[in-house]
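See below for the structure under consideration.
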Amino acid sequence: MMMPESEMQAELPGGDGPSENVRSLRSRLLSAAVWSAIGRILAVGAFYGSHFLLGRYLEKSHYAAYLMVSVVVATTTIAVTFGTAQILIRTIRKKVNAVQAIASCLKIVVFFGCIASLVLLIVSDHLGAGERWNGIREYVPWVAIWFIASAASLIASSALQAMDQFRLGVLVGAKNGGLLPNVLFFLSLVISSQFEILDLGFVIILRSVLQLLTLIPAFIFTKNSISIHRTKNFDGQAREDIAAPTAKWFLSESWYTLVTQFVVLGMAELDVLIVGFFVADGDFANYGVAKTLINVVRIPLLMASVFLGPFIAELYYANQIDRLEKILRGAATIVGLPCLLIALAFVIFPNAILELTFGNGYPEAVPLLRILTFGTVVFVLTGCNGLTLIMTGHQRELMICSIGVLLIYLTLSPLILSYWGVWGGAWLNSILVASLNLFVTIMVRIKVNIWTTASPSCATLKLSLQSILKKPAASP
């Protein structure tokens, strides 16, 4: 029989009695939300601030080249980590040996990082003649340093999140870079722009060096957190006797997640790379600008995903399914409101927003921004559906949904881009993003028996907030 929550929070793993050091789920969830929100707002703000500066001060062709490098780095970082980051969170949360788990993931990063660097070196000589490929052609070693350091930082960040160190996790790593490298990069660009020394090579090398230097605090924080994690029971649940995971075990578990991440990345960012093969430099820059802005709509949900992952696994394995659903639907509803407001602004005032952020050089991006908003709104309102499948051990089902959508995209995109250009590509991307998230939401309902979607009902939101904020009953 499942132990009552109040007792679970008062017992040590071995059942040796109460501990004053055990924090309730409420306390840990709110702390994670606050630190993750602050860290991600600053990190994402610096990320977009950097893009806005580069869009203004670099030549349009050089900015297109930097966009292409950014997409290659984001894509390759996912490939190099091989989907292990989220599996690492779930694994450490189940009380396996954190040191061995992290070491196994880093072995995977080094192995696939070397392979990816070699492939990039070979492919760089066979790219098209467009200027958008110059960053990859001319700076292969720096691009390789960038994505390998990003992958290692992401592993460290995931381990920190699994050990409830969300403040440190967002500092060193995230999908678009951690707070530390993003802020330093932005400040460096601000200073450099005053001396008119910004060019493509300088920007790529600067970004790579800063990401590499981030590894120093990343692994210092991880080492210190592991020392605390060995002696501190943060959730009061009994320790499970799980064998220390090897790199081979992580590969067998994470390849489902890798495929899914590539599909999601393909719908969100990798399509920029595909578009680059079929359109002119000017159209590519317009599409890249619209994609950069549309990601702003995703920010609130992505911030929620940063801290919700470990708690999804914790509540699911504690069989607290009802509370899990309330928390997920409440989170989707809370983040949905600002996302809808931002999306509405993109639809009504696209010209003003583009001029404010990137200057006067991108009027052709207006229809692209409006089209892409549709799929992104569906993505946000369906909540943390894919994350829920991964954290509950159903990554295989998520992969099946993702592969189906990917095959449709890869089949249709060359034809649509050839005949209808970036506008056709934007519609295809938007429709498939919406379709994938609807499919995944239904799969969550089938496999986990919960909904993750936002709710327009005030009563549902009230129940969700009560579930999040309620204090556990005092132990007798």
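If you're wondering where the values come from, they're calculated on a predicted model, not measured in any experiment.
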pair [X]-[Y]: side-chain heavy atoms closer than 4.5 Å:
X      : Y      : value
Thr222 : Leu168 : no
Thr382 : Val440 : no
Leu180 : Pro217 : yes
Phe219 : Leu106 : yes
Phe147 : Ser117 : yes
Tyr287 : Lys291 : yes
Val433 : Phe374 : no
Ile431 : Ser435 : yes

>> Applying ring-ring contact (aromatic ring centres under 6.0 Å, His included) to His51 and Phe47, what does each step give before you reach the verdict?
In response: CA-CA 7 Å; His51 271 277; Phe47 173 81; 4.8 Å; yes
>> Walk me through whether Ser104 and Gln100 qualify under side-chain hydrogen bond (donor to acceptor under 3.5 Å, both in side chains).
In response: CA-CA 6 Å; Ser104 296; Gln100 294 181 8; over 6 Å; no
> Hey, does the side chain of Thr333 reach the backbone of Ala454 with a donor-acceptor pair shorter than 3.5 angstrom?
Replying inline: no
>> Taking Leu215's backbone N and O only, do any of them form a donor-acceptor pair with Ser153's side chain (distance below 3.5 Å, no angle check)?
In response: no
> Taking it one step at a time, do Tyr48 and Thr292 satisfy side-chain contact (heavy atoms from CB on, under 4.5 Å)?
Replying inline: CA-CA 8 Å; Tyr48 283 103; Thr292 300; 3.5 Å; yes
Using every non-hydrogen atom in the two residues, find where [X] and [Y] come nearest and quote the distance to one decimal.
X      : Y      : answer
Arg329 : Thr453 : NE-O, 3.0 Å
Ser158 : Leu88  : CB-CD2, 4.3 Å
Ser50  : Leu189 : CB-CD1, 3.7 Å
Gly336 : Val380 : CA-CG1, 4.1 Å
Leu154 : Ala85  : CG-CB, 4.2 Å
Ser150 : Val73  : OG-CG1, 4.4 Å

> Hey, mind stepping through Ser413 and Leu428 against side-chain contact (heavy atoms from CB on, under 4.5 Å) and telling me if it holds?
Replying inline: CA-CA 7 Å; Ser413 58; Leu428 178 63; 3.8 Å; yes
How far does [atom1] of [X] sit from [atom2] of [Y], to the nearest 0.5 angstrom?
X      : Y      : atom1 : atom2 : result
Ile87  : Phe250 : CD1   : CZ    : 8.0 Å
Leu293 : Thr376 : CG    : OG1   : 11.0 Å
Ile155 : Leu160 : CD1   : CG    : 11.5 Å
Trp142 : Leu206 : CH2   : CG    : 10.0 Å
Phe186 : Leu210 : CZ    : CG    : 13.5 Å
Asn286 : Leu369 : CG    : CG    : 11.5 Å

>> Take a 6.0 Å sphere around CZ of Phe439 and say whether it holds more than 12 heavy atoms from other residues, nucleotides or ligands.
In response: no
>> Would Thr76 and Val80 count as a side-chain contact (heavy atoms from CB on, under 4.5 Å) here? Give the steps.
In response: CA-CA 6 Å; Thr76 313; Val80 167; 4.0 Å; yes
> What do the steps show when you test Thr452 against Asn385 for side-chain hydrogen bond (donor to acceptor under 3.5 Å, both in side chains), and what is the final call?
Replying inline: CA-CA 6 Å; Thr452 62; Asn385 45 20; 4.8 Å; no
> Should the pair Tyr66 and Tyr63 be assigned to parallel (<30°), tilted (30 to 60°) or perpendicular (>60°) ring geometry?
Replying inline: parallel
>> Show, in sequence, the C-alpha distance, side-chain angles and deciding distance for Trp146 and Arg207, and conclude whether the side-chain contact (heavy atoms from CB on, under 4.5 Å) test is met.
In response: CA-CA 7 Å; Trp146 186 353; Arg207 187 65 182 84; 3.2 Å; yes
Only pairs under 3.5 Å count here: list side-chain donor-acceptor contacts from residues 198-205, not counting sequence neighbours, and write none if there are none.
residue : atom : partner : partner atom : Å
Asp199  : OD1  : Gly201  : N            : 3.3
Asp199  : OD1  : Phe202  : N            : 2.8

